[in-house]
Asks: 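The structure that follows is given in the form of structure tokens.
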Amino acid sequence: MANSARLRLPHSSCGRLLAPINTQSRTVTASKCPWRLLPGVAAILPRRLRATDAARQLDHIESSSSRGVEEEEEEHHQRLRIAIVGFGNYGQFLARTFVRQGHTVLAHSRSDHSAAASSIGATFFPDPRDLCECHPDVVLLATSILSAEDVMLSLPLHRLRRDTLFADVLSVKEFPKKLLLDHLPRDFDIVCTHPMFGPESARDGWAGLPFVFDKVRVGNCARAQAFLDIFAREGCRMVEMPCAEHDEHAAETQFLTHTVGRMLAMMELKETPISTKGYETLLRLVDNTCSDSFDLYNGLFMYNKNATELLNRLEWAMDSVKRKLFDGLHDVLRKQLFDFDGSPLPDPIVDGDLDTDDDVRAALDGDESG
């Protein structure tokens with residue numbers, strides 16, 4: 001009977017001998033394992049074998065868990081469903097990295113970029129209603145600054161999940177912060193970001209390049225961090241900064257750079273046979289800034305309250321340099337015109353004793369009486 005019972009053990013139902021053992025009664029708990037249904041099983045299975053096999057199973061679980069926990073967490077954080085609204089040059093630039101990291105990318109734009117989306121591995125939606133009905137985890141605004149408000153108002157927010165994370169990559173920060181706070185429901189999370197680089201400046205990778213972010217309103221911290229980790233994994237220098245402080249710094253670091261680049265472009269500078277390193281740097285500045293649309297530059301001026309002050313400072317600095325140059329030139333010309341014998345001519349008004357306009361004219365015309 002014992003051998004017969006052993007042959008009829010259902011291996012598929014309980015792969016290993018994991019039945020909990022009562023060491024005092026040597027009985028198997030019926031609620032935990034179907035082996036309780038077989039008569040005589042507890043008697044024919046030695047305790048040593050059961051303990052050894054259970055230990056092997058636990059060892060297997062522990063080792064596999066320790067090996068795979070980091071990979072599973074990493075995979076979990078990377079798998080976001082990201083909707084990029086504004087799938088132009090910059091949106092496509094970001095999408096390539098998102099897809100490479102394993103995210104699902106949904107795209108929408110007023111222009112048809114379905115071919116570009118397909119080549120990247122994203123899905124393009126001409127209708128924003130269809131995009132929102134896919135319930136993305138993150139909606140990323142990558143439009144131009146000038147069109148951001150119109151695009152934002154065109155989105156059917158009621159078709160999104162009520163806790164969707166909204167983020168932006170606009171080059172100004174106080175404006176999108178106010179825009180999102182004014183128009184999004186309170187349950188929506190908001191993270192304002194600015195990658196301080198683009199397709200030209202980051203063509204060799206994102207490592208070491210600054211990425212500015214402000215967690216404006218975050219309820220789901222894990223999801224917000226998973227989105228920010230996209231840029232951290234690429235080696236970006238992560239800078240958490242309030243939106244107002246960002247705009248103050250960006251007026252100098254970005255708007256000034258674009259302004260100088262646009263001014264140099266108007267001069268139509270060319271390569272020369274004797275170009276210096278500094279001159280070549282200026283030519284690269286023209287290429288980097290003018291590769292962006294004028295709408296971007298105009299947006300940097302219109303939606304950053306610090307830009308007007310910076311333009312005034314730039315104009316003042318240029319006038320100061322010109323004044324210094326022309327003042328020096330004027331001194332040289334005066335010496336050439338009036339200092340014939342190597343000594344300055346006396347000033348008739350300062351050195352002379354002239355009390356009337358007639359005396360001044362006489363001094364200038366020559367004194368016939370003397």
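This one's a predicted model, so the numbers in the text were calculated from it and none came from an experiment. In this chain, numbering begins with 1 at the start of the sequence shown.
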Asks: Taking the six-membered ring for Trp, are F211 and F231 parallel (under 30°), tilted (30 to 60°) or perpendicular (over 60°)?
Replies: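 Answer is parallel, since the angle falls under 30°.
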
Asks: Are there over 12 heavy-atom neighbours, none belonging to E240, within less than 6.0 Å of that residue's CD?
Replies: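 Yes - once you tally the heavy atoms of other residues, nucleotides and ligands closer than 6.0 Å, there are more than 12.
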
Asks: Please lay out, stage by stage, how F175 and I145 fare under the test side-chain contact (heavy atoms from CB on, under 4.5 Å).
Replies: CA-CA 9 Å; F175 164 65; I145 302 173; 4.2 Å; yes

Asks: Work out which heavy atom in A142 is nearest to a heavy atom in I84; give both atom names and the distance.
Replies: CB-CG2, 4.1 Å

Asks: Taking all heavy atoms of H108 and all of P126, pick out the closest pair and write down the distance.
Replies: CE1-O, 3.1 Å

Asks: Report yes if the side chains of I120 and F87 come closer than 4.5 Å at any heavy-atom pair, otherwise no.
Replies: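 In short, these two side chains touch, coming nearer than 4.5 Å.
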
Asks: Give, for atom OG1 of T143 and atom CD of E149, the distance between the pair rounded to the nearest 0.5 Å.
Replies: 10.5 Å

Asks: Please step through side-chain contact (heavy atoms from CB on, under 4.5 Å) for the pair I82 and D137, ending with a clear verdict.
Replies: CA-CA 6 Å; I82 304 175; D137 301 306; over 6 Å; no

Asks: Where the side chain of S119 meets the backbone of A116, is there a donor-acceptor pair that is under 3.5 Å apart?
Replies: yes

Asks: Are the side chains of L80 and T104 in touch, meaning some heavy atoms are under 4.5 Å apart?
Replies: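 A side-chain contact is absent here, since even the closest heavy-atom pair is not under 4.5 Å.
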
Asks: May I ask you to check whether over 12 heavy atoms, not counting those of R129, lie within 6.0 Å of atom CZ?
Replies: no

Asks: Can you find a heavy atom in the side chain of V105 that is under 4.5 Å from one in the side chain of T123?
Replies: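 The answer is no, as the side chains (C-beta and beyond) never meet within the 4.5 Å cut-off.
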
Asks: Do the side chain of N220 and the main chain of R223 share a donor and acceptor less than 3.5 angstrom apart?
Replies: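 Between the backbone of R223 and the side chain of N220 there is a qualifying donor-acceptor contact (under 3.5 Å).
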
Asks: For P195 versus Y90, what's the shortest heavy-atom pair and its separation?
Replies: CB-OH, 3.2 Å

Asks: Could you tell me whether the side chain of R81 reaches within less than 4.5 Å of the side chain of V138, counting heavy atoms only?
Replies: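 Of all side-chain heavy-atom pairs linking R81 with V138, none is under 4.5 Å.
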
Asks: Can you tell me if Y279 uses its side chain to pair, donor with acceptor, with the backbone of K270 under 3.5 Å?
Replies: yes

Asks: Linking I/L/V/M/F/W/Y whenever their side-chain heavy atoms sit closer than 4.5 Å, directly or via other members, would L155 and F124 fall into one cluster?
Replies: no

Asks: Do L314 and M267 belong to the same hydrophobic cluster, where Ile, Leu, Val, Met, Phe, Trp and Tyr are linked whenever their side-chain heavy atoms lie under 4.5 Å apart, directly or via other members?
Replies: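 Yes.
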
Asks: Indicate, with yes or no, if V85 and V169 share a hydrophobic cluster defined by side-chain heavy-atom contacts under 4.5 Å among Ile, Leu, Val, Met, Phe, Trp and Tyr.
Replies: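 No, V169 does not connect to V85 through the hydrophobic network.
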
Asks: Please tell me whether V218 and V139 are part of a single hydrophobic cluster in this structure, the criterion being side-chain heavy atoms less than 4.5 Å apart.
Replies: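 As far as the 4.5 Å side-chain criterion goes, V139 and V218 are not connected within one cluster.
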
Asks: If you draw a 6.0 Å radius around CE in M238, do more than 12 non-hydrogen atoms from other residues or ligands fall strictly inside?
Replies: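 Atom CE in M238 is crowded, with more than 12 foreign heavy atoms closer than 6.0 Å.
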
Asks: If I take atom NZ from residue K177 and atom CD1 from residue I190, how far apart are they, to the nearest 0.5 angstrom?
Replies: 9.5 Å

Asks: Determine whether H194 and Q254 satisfy the following criterion, side-chain contact (heavy atoms from CB on, under 4.5 Å), listing intermediate values before the conclusion.
Replies: CA-CA 12 Å; H194 183 197; Q254 190 172 33; 3.3 Å; yes

Asks: How long is the straight-line distance from CG of L153 back to CG of D182, given to the nearest 0.5 Å?
Replies: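 So the CG of D182 and the CG of L153 are separated by 10.0 Å.
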
Asks: Give the minimum heavy-atom separation between F125 and L131, together with the two atoms involved.
Replies: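 Closest pair (atom of F125, atom of L131, distance): CD1-CD1, 3.7 Å.
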
Asks: With a 4.0 Å cut-off on N to O distance, would you call D327 and R323 a salt bridge?
Replies: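 Result for this pair is no, no salt bridge flagged.
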
Asks: Could you walk me through whether V191 and V216 pass the side-chain contact (heavy atoms from CB on, under 4.5 Å) test, one step at a time?
Replies: CA-CA 5 Å; V191 176; V216 177; over 6 Å; no

Asks: Could you label the plane-to-plane angle of the F197 and W206 rings as parallel, tilted or perpendicular, counting under 30° as parallel and over 60° as perpendicular?
Replies: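 Ring orientation, 0 to 90° scale: tilted.
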
Asks: Have R161 and T164 got a donor and an acceptor in their side chains that come within less than 3.5 Å?
Replies: no

Asks: Report the relative orientation of the aromatic rings in F255 and Y297; use parallel for angles under 30°, tilted for 30 to 60°, perpendicular for over 60°.
Replies: parallel

Asks: Is K173 salt-bridged to D214, going by a charged N under 4.0 Å from an acidic O?
Replies: no

Asks: Do S171 and L296 come close enough that some side-chain heavy atom pair is under 4.5 Å?
Replies: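 They are in side-chain contact.
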
Asks: With rounding to the nearest 0.5 angstrom, report the CG to CZ distance, D168 to F213.
Replies: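 Here the interatomic distance stands at 13.5 Å.
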
Asks: Applying salt bridge (charged side-chain N to carboxylate O under 4.0 Å, His left out), run through R100 and E234 and close with a yes or a no.
Replies: CA-CA 11 Å; R100 178 170 53 79; E234 295 299 314; 2.9 Å; yes

Asks: Sequence neighbours left out, what passes side-chain contact (heavy atoms from CB on, under 4.5 Å) with E245? Give chain and number order.
Replies: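 In terms of side-chain contact (heavy atoms from CB on, under 4.5 Å), with neighbours along the sequence ignored, E245 is linked to M241, P242, H249.
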
Asks: Minimum heavy-atom separation for C290 and G261, please, with both atom names.
Replies: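 Smallest heavy-atom distance, with atoms named: SG-O, 4.2 Å.
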
Asks: To the nearest 0.5 Å, what is the distance between CG on D130 and CG on L106?
Replies: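 D130 atom CG to L106 atom CG measures 11.0 Å (nearest 0.5 Å).
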
Asks: Taking all heavy atoms of D189 and all of G219, pick out the closest pair and write down the distance.
Replies: OD1-N, 2.9 Å

Asks: Considering only heavy atoms from C-beta outward, does the side chain of F227 approach that of T193 to under 4.5 Å?
Replies: yes

Asks: Decide whether L180 and L160 are clustered together by the hydrophobic rule: side chain heavy atoms of Ile, Leu, Val, Met, Phe, Trp, Tyr closer than 4.5 Å, transitively.
Replies: yes

Asks: For the atom pair CG (L209) and CE (M196), what is the distance rounded to the nearest 0.5 Å?
Replies: 10.5 Å

Asks: Check whether any side-chain heavy atom of L285 sits under 4.5 Å from a side-chain heavy atom of V260, and report yes or no.
Replies: yes

Asks: Is there side-chain contact between F294 and R262, with heavy atoms separated by less than 4.5 Å?
Replies: yes

Asks: Have S114 and D112 got a donor and an acceptor in their side chains that come within less than 3.5 Å?
Replies: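 Yes - a donor-acceptor pair under 3.5 Å links their side chains.
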
Asks: Using a strict cut-off of less than 4.0 Å between a Lys/Arg side-chain nitrogen and an Asp/Glu carboxylate oxygen, indicate whether R313 and E252 qualify as a salt bridge.
Replies: yes

Asks: Would the number of heavy atoms belonging to other residues, nucleotides or ligands and lying under 6.0 Å from NE2 of H330 be above 12?
Replies: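 Count not over threshold, so no.
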
Asks: Is it the case that more than 12 heavy atoms not belonging to E271 sit under 6.0 Å from its CD atom?
Replies: yes

Asks: Counting heavy atoms not belonging to R217, are there more than 12 under 6.0 Å from its CZ?
Replies: yes

Asks: Using a strict cut-off of less than 4.0 Å between a Lys/Arg side-chain nitrogen and an Asp/Glu carboxylate oxygen, indicate whether E248 and K305 qualify as a salt bridge.
Replies: no

